[in-house]
Visitor: 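First the structure, then my questions, so here it is.
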Amino acid sequence: MQTTLLDLLRVDHMLVDVPATDAFSAIRLVNAALVQSGHTLEAFGEDACARETTFPTGLPTQPVAVAIPHADPPHVLATAVAIGVLRSPVQFSQMGTDGSVHLDVHAVFLLAVKDQAKQVEMIQQLMKVIQNQSLLGAITRLDSPGEMHELIRKTLTS
Amino acid sequence: MPEIQLEITNEVGLHARPAALFVQTANKFKCEIMVRNGETIANAKSILDVLTLGAGKGAVITVTAEGEDAEQALAALQQLNARNFEELA
């Protein structure tokens, strides 16, 4: 059966007011939600941090920049997406550059994909969410994971 | 306008890392470069665009370039694909 982003949305994988101080702490704090639910191991967060260093994942979306950190599957137990809105933006380098372009990232979409063949599809679906300007504008003003879950679900089903 | 077709042969398709390399390579050239996968058309220099292509393994993408270094740009992108985007496949 095809796994869609919609199927993967879970309230306990949505975080607001994440107190990250830099890109790495943002990745680790968001990964903690996936560790808690048994979807990834802590090592996945370290893998994603290492990947971020060599292949940055900041994206110049509007009205706020986001990042889509991810890593290879060895420390993924089950496919999941965790979304963390940061208390204050932190710098990520922009994907597709040599790392010299920095973005103030407001939200992190951490992708943990067990079957790598699905990664292209998952990213394509995720792009639908993060290129929706009204959604991204609203997401940074939400007060609860429940509101975020509902807003993203509505966007994906509209 | 010069045009090439590339069959994506690496196992995972044009996912995040290959897409980043594709955009980084395209940005080394002055010409305008567009990529098409089926009905989806992307600016090869925009990571946001290229990530929407959804080009999995076996997809055949069409790359067109227009400008003074168009031929060199297409050759560089062809080589990148031929090397499976530096991944083991």
Side-chain angles (χ1 to χ4, degrees), chain A residues 2 4-5 47-48 50-73 76 79 81 92-101 103 105 109-133 136, chain B residues 6-61 63 65 73 76-77 80-81 83-89:
Chain A
Q2 189 188 27
T4 67
L5 189 56
D47 292 348
R51 173 70 76 99
E52 195 65 36
T53 307
T54 48
F55 279 93
T57 66
L59 293 174
T61 45
Q62 295 293 333
V64 294
V66 302
I68 56 166
H70 54 275
D72 289 337
V76 178
T79 295
V81 176
F92 276 74
S93 295
Q94 185 173 321
M95 193 172 173
T97 70
D98 61 4
S100 61
V101 181
L103 299 169
V105 161
F109 294 72
L110 180 65
L111 301 176
V113 182
K114 183 75 184 158
D115 177 2
Q116 273 202 301
K118 303 272 187 207
Q119 203 196 93
V120 167
E121 198 178 301
M122 292 304 302
I123 288 175
Q124 195 180 21
Q125 291 178 35
L126 187 62
M127 294 309 286
K128 184 177 172 186
V129 173
I130 66 176
Q131 297 213 80
N132 183 317
Q133 295 194 13
L136 268 199
Chain B
L6 301 177
E7 182 180 355
I8 305 298
T9 52
N10 72 317
E11 283 301 319
V12 193
L14 203 62
H15 66 94
R17 185 176 172 276
L21 283 171
F22 193 88
V23 170
Q24 216 171 330
T25 303
N27 274 301
K28 290 176 182 168
F29 299 91
K30 291 177 186 164
C31 57
E32 282 185 20
I33 310 171
M34 302 303 287
V35 198
R36 183 162 51 81
N37 180 35
E39 291 179 359
T40 309
I41 298 173
N43 173 354
K45 295 186 177 186
S46 159
I47 188 65
L48 290 175
D49 258 26
V50 171
L51 287 175
T52 61
L53 281 175
K57 187 187 180 189
V60 178
I61 60 172
V63 189
L77 292 170
L80 185 66
N81 187 52
R83 295 196 304 268
N84 277 326
F85 297 87
E86 324 294 352
E87 293 190 334
L88 300 173

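Order of the sequence lines fixes the chain letters, A, B, ..., with proteins taken first and strands second; residue numbering starts at 1 for each chain.
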Visitor: Out of curiosity, A:Leu136 CG to A:Gln62 CD, how far, rounded to the nearest 0.5 Å?
Guide: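 If I round to the nearest 0.5 Å, the distance is 9.5 Å.
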
Visitor: What option among B:Ser46, B:Gly13, B:Gly54 has the most heavy-atom pairs under 4.5 Å with chain A?
Guide: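 If we count pairs closer than 4.5 Å to chain A, B:Gly54 comes out on top.
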
Visitor: Does either side chain, that of B:Gln24 or that of A:Thr97, offer a donor lying less than 3.5 Å from an acceptor on the other one?
Guide: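 B:Gln24 vs A:Thr97: no donor-acceptor pair found between side chains.
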
Visitor: What residue in A:Thr54, A:Ile123, A:Leu111 has the most heavy-atom pairs under 4.5 Å with chain B?
Guide: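 The residue among A:Thr54, A:Ile123, A:Leu111 with the greatest pair count is A:Ile123.
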
Visitor: So which part of A:Thr61 gets closer than 4.5 Å to some heavy atom of chain B, the side chain, the backbone, both or neither?
Guide: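 Both the backbone and the side chain of A:Thr61 come within 4.5 Å of chain B.
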
Visitor: Could you look at A:Pro60 and say if it's the side chain, the backbone, both or neither that has a heavy atom under 4.5 Å from chain B?
Guide: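 Backbone plus side chain of A:Pro60, per the 4.5 Å heavy-atom cut-off to chain B.
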
Visitor: Which one, B:Val23, B:Ile47, B:Asn27, leads in non-hydrogen pairs under 4.5 Å with chain A?
Guide: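 Winner by heavy-atom pair count: B:Ile47.
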
Visitor: Side chain from CB out, backbone as N, CA, C, O: work out which of these in A:Asp115 comes under 4.5 Å of a heavy atom of chain B, or both, or neither.
Guide: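 A:Asp115 has no heavy atom closer than 4.5 Å to chain B.
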
Visitor: Between B:Leu14 and chain A, which part of the residue has a heavy atom less than 4.5 Å away: side chain, backbone, both or neither?
Guide: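 It is the backbone, since no side chain atom gets that close.
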
Visitor: Would you check if there is a donor-acceptor pair between the side chains of B:Thr9 and B:Asn84 at a distance under 3.5 Å?
Guide: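 Result is yes, a qualifying pair exists.
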
Visitor: State, yes or no, whether a side-chain contact exists between A:Met122 and A:Val81 at a heavy-atom distance under 4.5 Å.
Guide: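 Sidechains of A:Val81 and A:Met122: in contact.
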
Visitor: Tell me if the NZ atom of B:Lys30 is crowded by more than 12 foreign heavy atoms within 6.0 Å.
Guide: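 Not more than 12 within 6.0 Å, no.
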
Visitor: For B:Ala55, is it the side chain, the backbone, both or neither that has a heavy atom under 4.5 Å from a heavy atom of chain A?
Guide: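 It is the backbone, since no side chain atom gets that close.
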
Visitor: Between atom NE2 of B:His15 and atom CZ of B:Phe85, what is the distance when rounded to the nearest 0.5 Å?
Guide: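 The CZ atom of B:Phe85 is 9.5 Å from NE2 of B:His15, to the nearest 0.5 Å.
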
Visitor: Side chain, backbone, both or neither: which part of A:Ile68 has a non-hydrogen atom closer than 4.5 Å to chain B?
Guide: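 For A:Ile68, side-chain heavy atoms alone lie under 4.5 Å from chain B.
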
Visitor: Top residue by heavy-atom pair count (under 4.5 Å) with chain B, among A:Arg51, A:Gln94, A:Gln119, A:Gln116?
Guide: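 Sorted descending by pairs with chain B, the first entry is A:Gln119.
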
Visitor: Flag the pair A:Thr4 / A:Gln125 as yes when at least one side-chain heavy-atom distance between them is below 4.5 Å, and no otherwise.
Guide: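 Sidechains of A:Gln125 and A:Thr4: in contact.
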
